[in-house]
There are 2 protein chains.
Amino acid sequence: MKNSPISIGQLGKRSGVNIETIRYYEKIALLPPPDRTPAGYRQYDDGHVRRLRFIRRGRDLGFSVEAIRTLLSLAEHPDQPCGGADRLVAGHLADVERKIADLSRLRGELQGLANCCGHVVAECRIIDSLIAD
Amino acid sequence: MKNSPISIGQLGKRSGVNIETIRYYEKIALLPPPDRTPAGYRQYDDGHVRRLRFIRRGRDLGFSVEAIRTLLSLAEHPDQPCGGADRLVAGHLADVERKIADLSRLRGELQGLANCCGHVVAECRIIDSLIAD
DNA sequence: CTTGACCCTGTAGCGGCTCCAGGGTTCATG
DNA sequence: CATGAACCCTGGAGCCGCTACAGGGTCAAG
Ligand SMILES: [Zn+2]
Ligand SMILES: [Zn+2]
Ligand SMILES: [Zn+2]
Ligand SMILES: [Zn+2]
């Protein structure tokens, strides 16, 4: 196992996370502060890479930073039950389903308005639908 | 037509918009500043009610404040063509469809993780899927 | 020695509100 | 007339999750 420290730029590339975002994660204590070179440059190790990839996967799945904090602390206690993770997933899945339902209703309304071409504003059903109470 | 001025609280009730939000809309010049009583209380008229309802309908449809600004200025020129409104709706509909597609993919991933019950973190497929690269 | 790529800190901004502190006003009741 | 509740005012901070500076320092190649 090689464990030679890497710079923030390399960590960004390996994890697919923006440098500014990495520093932000450090500030909000989501990613632990790494060692520094004498010049003050951050030096990350494999643990950081793994942790940041975990965070990124979680964000890609739409979990909030707080949820990810919980998932990370779960991941650090392998002997404990995983019910907390399950509840997080279930709750988030419900969020996502609600959002999809809301957006689908919206899509329907917008489709009803689309392609109102060649009119003048006075006869425009888009503007009409916004004015009508 | 009665046009007796109303307070911000009444405007909030008639339009379904929070008082703080109304003041915010005034600050960003989305709603024109109303008259004031000698004591400095805002006094709205029917025009404000109509305009704020327009704004709210637009927000409910998911339009950005900037888009609503455009729609409002269109609505004020009834003799002009409504192609701008049409393009706004089409663009926003595309946004909404993209979001639905993204969320649907997400839903699929989350459904694949859900109901991982009764395990211990070490065997949890939720945590696993976040750790795996 | 200079250039350019990288790194640092600290702060401000995005959208669209929402909430708060710390006051002033108005009106009905006692 | 005093008191209280319900309303109103301003200005500023906070929410989320970044992102974008400004204004510097560091390091290796040519
Ligand atoms: Zn969620
Ligand atoms: Zn039209
Ligand atoms: Zn849109
Ligand atoms: Zn599990």
Side-chain angles (χ1 to χ4, degrees), chain A residues 4-31 33-44 48 51-52 54-72 88 91-92 95-96 99 102 106, chain B residues 4-31 33-44 48 51-52 54-72 88 91-92 95-96 99 102 106:
Chain A
S4 53
I6 58 171
S7 71
I8 194 169
Q10 286 172 307
L11 177 61
K13 266 167 209 149
R14 282 193 205 186
S15 59
V17 176
N18 198 318
I19 290 179
E20 320 269 49
T21 306
I22 296 172
R23 286 196 281 247
Y24 169 70
Y25 286 162
E26 182 179 330
K27 195 164 69 183
I28 64 171
L30 195 59
L31 195 63
D35 287 345
R36 301 276 185 141
T37 67
Y41 285 23
R42 288 173 180 82
Q43 292 204 288
Y44 295 98
H48 287 103
R51 191 174 172 105
L52 188 52
F54 186 107
I55 294 168
R56 178 161 155 72
R57 287 263 318 136
R59 293 292 300 135
D60 284 353
L61 286 170
F63 287 105
S64 71
V65 165
E66 281 318 296
I68 290 171
R69 233 185 265 280
T70 304
L71 290 168
L72 277 166
L88 269 177
H92 184 42
D95 287 355
V96 168
K99 268 183 206 156
D102 289 353
L106 221 58
Chain B
S4 55
I6 59 171
S7 71
I8 195 170
Q10 287 173 309
L11 177 60
K13 267 167 208 150
R14 282 194 205 184
S15 60
V17 176
N18 198 318
I19 291 180
E20 319 270 47
T21 306
I22 296 172
R23 286 196 281 247
Y24 168 71
Y25 286 162
E26 182 179 330
K27 196 164 69 182
I28 65 170
L30 194 59
L31 195 63
D35 287 346
R36 301 277 185 140
T37 68
Y41 285 23
R42 289 172 179 82
Q43 292 204 288
Y44 295 98
H48 287 104
R51 191 174 171 104
L52 189 51
F54 186 107
I55 293 168
R56 178 160 155 72
R57 288 265 316 134
R59 294 291 300 134
D60 284 352
L61 286 169
F63 287 105
S64 71
V65 164
E66 282 318 296
I68 290 171
R69 233 185 263 281
T70 304
L71 290 168
L72 277 166
L88 269 177
H92 183 42
D95 287 354
V96 168
K99 268 181 205 156
D102 288 354
L106 221 57

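Both backbone and side-chain heavy atoms feed into the values below; hydrogens, waters and symmetry mates do not.
Under the rule for a side chain to side chain contact (heavy atoms under 4.5 Å, CB included), the partners of A:R56 that lie at least two apart in sequence or sit in another chain are A:V17, A:D60. Among residues two or more places apart in sequence or in another chain, the side-chain hydrogen bond (donor to acceptor under 3.5 Å, both in side chains) test is passed with B:E20 by B:R23. The side-chain hydrogen bond (donor to acceptor under 3.5 Å, both in side chains) search around A:E26 returns A:R42, not counting sequence neighbours. In terms of the salt bridge (Lys or Arg N to Asp or Glu O under 4.0 Å) criterion, B:R59 has no residue partners (sequence neighbours excluded). Partners of B:T70 by side chain to side chain contact (heavy atoms under 4.5 Å, CB included), not counting sequence neighbours, listed by chain and number: B:L88. Here B:Y41 pairs with B:T37, B:A39 under the side chain to side chain contact (heavy atoms under 4.5 Å, CB included) rule; sequence neighbours left out. Under the rule for a side chain to side chain contact (heavy atoms under 4.5 Å, CB included), the partners of B:D95 that lie at least two apart in sequence or sit in another chain are B:H92, B:R98.
In terms of heavy-atom proximity, B:I19 sits nearest to B:G9 at CD1-CA, 3.9 Å. What you find for B:A29 and B:R69 is that their closest heavy atoms are O-NH1, 3.3 Å.
Of all nucleotides in DNA chain C, those with any atom nearer than 4.0 Å to a heavy atom of chain A start and finish, going 5' to 3', at C:dC6 to C:dT11.
Taking 4.5 Å as the limit, every side-chain heavy atom of A:K99 sits out of range of all side-chain heavy atoms of B:D102. Side-chain contact between B:I22 and B:Y44 is present, with at least one heavy-atom pair separated by less than 4.5 Å.
Residue A:I28 is out of contact with every strand shown, counting any heavy-atom pair closer than 4.0 Å.
In this structure, the separation between CG on A:L30 and CD1 on A:I55 is 4.0 Å, given to the nearest 0.5 Å. We find the CZ-CG distance between A:F54 and A:L31 to be 12.5 Å, quoted to the nearest 0.5 Å.
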*Scan nucleotides 15-27 of chain D nucleotide by nucleotide, 5' to 3', and note B when protein non-hydrogen atoms come under 4.0 Å of the base, S if they reach only the sugar-phosphate, - if neither.*
--BBBBB---BBS
Do any N or O atoms of the protein come closer than 3.5 Å to N or O atoms of nucleotides 2-6 of chain D, and which pairs are they?
none

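Between the CD1 atom of B:I6 and the P atom of D:dC7 there is a distance of 14 Å, rounded to whole Å.
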*Toss me the dot-bracket line for DNA chain D: Watson-Crick and G-U wobble, both under 3.5 Å, 5' to 3', using | for pairs to another strand and [ ] for crossers.*
||||||||||||||||||||||||||||||
